[in-house]
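Structure record follows, encoded as structure tokens.
Keep in mind that the numbers below use all heavy atoms, side chains included, and drop hydrogens, waters and symmetry copies.
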Amino acid sequence: MRLTILGGGGFRVPLVYGALLRDHAEGRVTRVVLHDVDERRLRAIARVLADQAAGVPDAPEVSTTTDLDDALRGADFVFSAIRVGGLEGRANDERIALAEGVLGQETVGAGGIAYGLRTVPVAVDIARRVARLAPDAWVINFTNPAGLVTEAMSRHLGDRVIGICDSPVGLGRRIARVLGADPREAWTDYVGLNHLGWVRGLYVKGRDELPRLLADPALLGSFEEGRLFGADWLRSLGAVPNEYLHYYYFNREAVRAYQEAGKTRGAFLHDQQARFYAQAGDPSTPALAAWDRTRAEREATYMAENRETAGAGDRDEDDLSGGYEEVALALMRAVARDERTTLILNVRNRGTLSPLDRDAVIEVPCLVDAQGAHPVSVDPLPDHATGLVCAVKAVEREVLRAAGSGSRAHAVKAFALHPLVDSVTVARRLVDGYTAVHPGLAYLE
């Protein structure tokens, strides 16, 4: 079975390959094709993967290419993890937004809109090429903003594109662990959009254990989201939000913390990865060791400003490992081998969440089999969550309209309607600022 990874020179690719190395079942991936527009990064990651495969019998064969069509032909699965504009683009997204006093995070608020505007046209081109060159392939999308990009691609690939994210998986795992349950035996009642969802229940042997967690301040204070949001707020919600909702519920504090930080997250990762790729490109440097050191630092500093604002302390050791690669592998296994499983995925709504239309991509538990991912029916969201989901989905639709038409007016509307921007004047300045620095936004007129 052949897996093509788009963004194959990306830093997290070794996580996916490591998961493949642990899979020895019949029908596994035997060939991995890495595609990237940056040949230097491709070579560096190929060295890391070679170190990983050393001494592993029957390790999947790895090849690299900068030709997208060649990468797609013959693929059984396509894993998309591209970053249009690179980390320099992310740093610019953050800087321009913060200068206007609004959030510039890569998937939330102004930064997420800017990232989406320059990513959607590229993702749509990929979807069209997949439909033409590998019509039987399944596309697994991890490219951010994951829900928005998956919806854009689904207009050309239908249900053969599925979005994944590690945030809901990690959240469900932490809650189960705090409650003394095995995460593999727990059912997580989770629903929303990508980076905008809530755990409303955690079922073990048919019993919802979440009320026990919400009633116990000590338990709530023992895991990351409990410390991040605070026990009182979680009890008020009657749910545990995805960590990214901290940007909404504590927006002013988050913006202030990011403005006061010596370096934005994008700028930090840009500098950190520049060092790594320089090291990994040196034949005398053990590439895997350099990658391991860099990854540990990256994971430990994740959402550091938010945790500092909330007084949440350092991340738990158990949360410093990856997660999305296991979701990707489980998804591929279920589809390729009909190993039926349940995963929280980004898929078309199909009437699952009543306020949204059938084609809106949502993040929800799905039953996965050889025919793909089937969203599980969920209870309605409370009014406050429904309002937020509908508002953000409306913004995503304006991004899709802008990307499809090249309309500056739709781009301004997307920024202005976002709950974390809420100013037409600021929206216009943001569009001016982003189009001035991002060549990928030159299409907006």
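At least one side-chain heavy atom of Val437 sits less than 4.5 Å from a side-chain heavy atom of Arg95. Gln105 is not listed as a side-chain neighbour of Leu420, based on a closest heavy-atom distance of 4.5 Å or more. Arg340 has its side chain out of reach of Leu367: every pair of non-hydrogen atoms, C-beta onward, lies at least 4.5 Å apart. Between Leu237 and Phe229, every side-chain heavy-atom pair lies at or beyond the 4.5 Å cut-off. Looking at heavy atoms from C-beta onward, Thr143 lies out of side-chain contact with Met153 at the 4.5 angstrom threshold. You'll find the side chain of Glu398 stays beyond 4.5 Å of the side chain of Val395, heavy atoms only. In this structure, the side chains of Tyr248 and Val392 come closer than 4.5 Å at one or more pairs of heavy atoms. Considering only heavy atoms from C-beta on, Glu243 stays 4.5 Å or farther from Leu171 through its side chain.
Listed here is the closest heavy atom pair of Arg295 and Phe11: N-CZ, 3.5 Å. The nearest pair of heavy atoms linking Thr264 to Leu98 is CG2-CD1, 3.9 Å. Shown here for Ala330 and Thr341, the closest heavy-atom pair between the two residues is O-CG2, 4.3 Å. The minimum heavy-atom distance linking Pro217 with Arg235 is given by the pair CG-NH1, 3.9 Å. Closest of all the heavy-atom pairs between Arg31 and Pro60 is N-CB, 4.4 Å. What you find for Pro365 and Thr188 is that their closest heavy atoms are CG-O, 3.5 Å.
The line from CZ of Arg155 to CZ of Arg128 is 11.5 Å long, rounded to the nearest 0.5 Å. A distance of 9.5 Å separates CG in Leu202 from CG in Asp189, rounded to the nearest 0.5 Å.
For CG of Asp182, the number of neighbouring non-hydrogen atoms (other residues, nucleotides, ligands) closer than 6.0 Å is greater than 12. Surrounding NZ of Lys393 are more than 12 heavy atoms belonging to other residues, nucleotides or ligands, all under 6.0 Å away. By the neighbour-count criterion of 12 heavy atoms within 6.0 Å, atom CD of Glu88 is sparsely surrounded, having that number or fewer from other residues, nucleotides or ligands.
For Asp93 and Arg90, the salt-bridge test fails: no basic side-chain N is under 4.0 Å from an acidic carboxylate O. Ion pairing between Glu224 and Arg174 fails under the 4.0 Å rule for side-chain N and carboxylate O. Checked for salt-bridge contact, Asp76 and Arg2 miss the test: no charged N lies under 4.0 Å from a carboxylate O. Between Arg173 and Glu326 there is no salt bridge, since no side-chain N of the basic residue sits under 4.0 Å from a carboxylate O of the acidic one. In this structure, Arg256 does not pair ionically with Glu253, as no charged nitrogen and carboxylate oxygen lie closer than 4.0 Å. With salt bridges taken as basic N to acidic carboxylate O contacts below 4.0 Å, one links Arg129 and Asp125. A salt bridge does not link Glu106 to Arg265: none of the charged nitrogens lies less than 4.0 Å from a carboxylate oxygen.
No donor-acceptor pair closer than 3.5 Å links the side chain of Asn349 to the backbone N or O of Asp359. Of the possible donor and acceptor atoms, none in the side chain of Arg12 sits under 3.5 Å from a partner among the backbone N and O of Ala81. Counting only distance, with no hydrogens or angles, the side chain of Asp51 and the backbone of Ala287 share a donor-acceptor pair below 3.5 Å. In this structure, the side chain of Thr386 engages the main chain of Leu381 through a donor-acceptor pair within 3.5 Å. Glu363 contributes no side-chain N or O that, together with a main-chain N or O of Ile344, makes up a donor-acceptor pair within less than 3.5 Å.
Below 30°, between 30° and 60°, or above 60°: for Tyr434 and Phe415 the angle between ring planes is below 30°, a parallel geometry. Below 30°, between 30° and 60°, or above 60°: for Tyr324 and Phe142 the angle between ring planes is below 30°, a parallel geometry.
Judged by distance alone, the side chains of Asn144 and Thr107 never bring a donor and an acceptor atom under 3.5 Å apart.
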CA sep, side-chain torsions, deciding dist, call: Asn141, Ile162, side chain to side chain contact (heavy atoms under 4.5 Å, CB included):
CA-CA 6 Å; Asn141 178 62; Ile162 300 169; over 6 Å; no

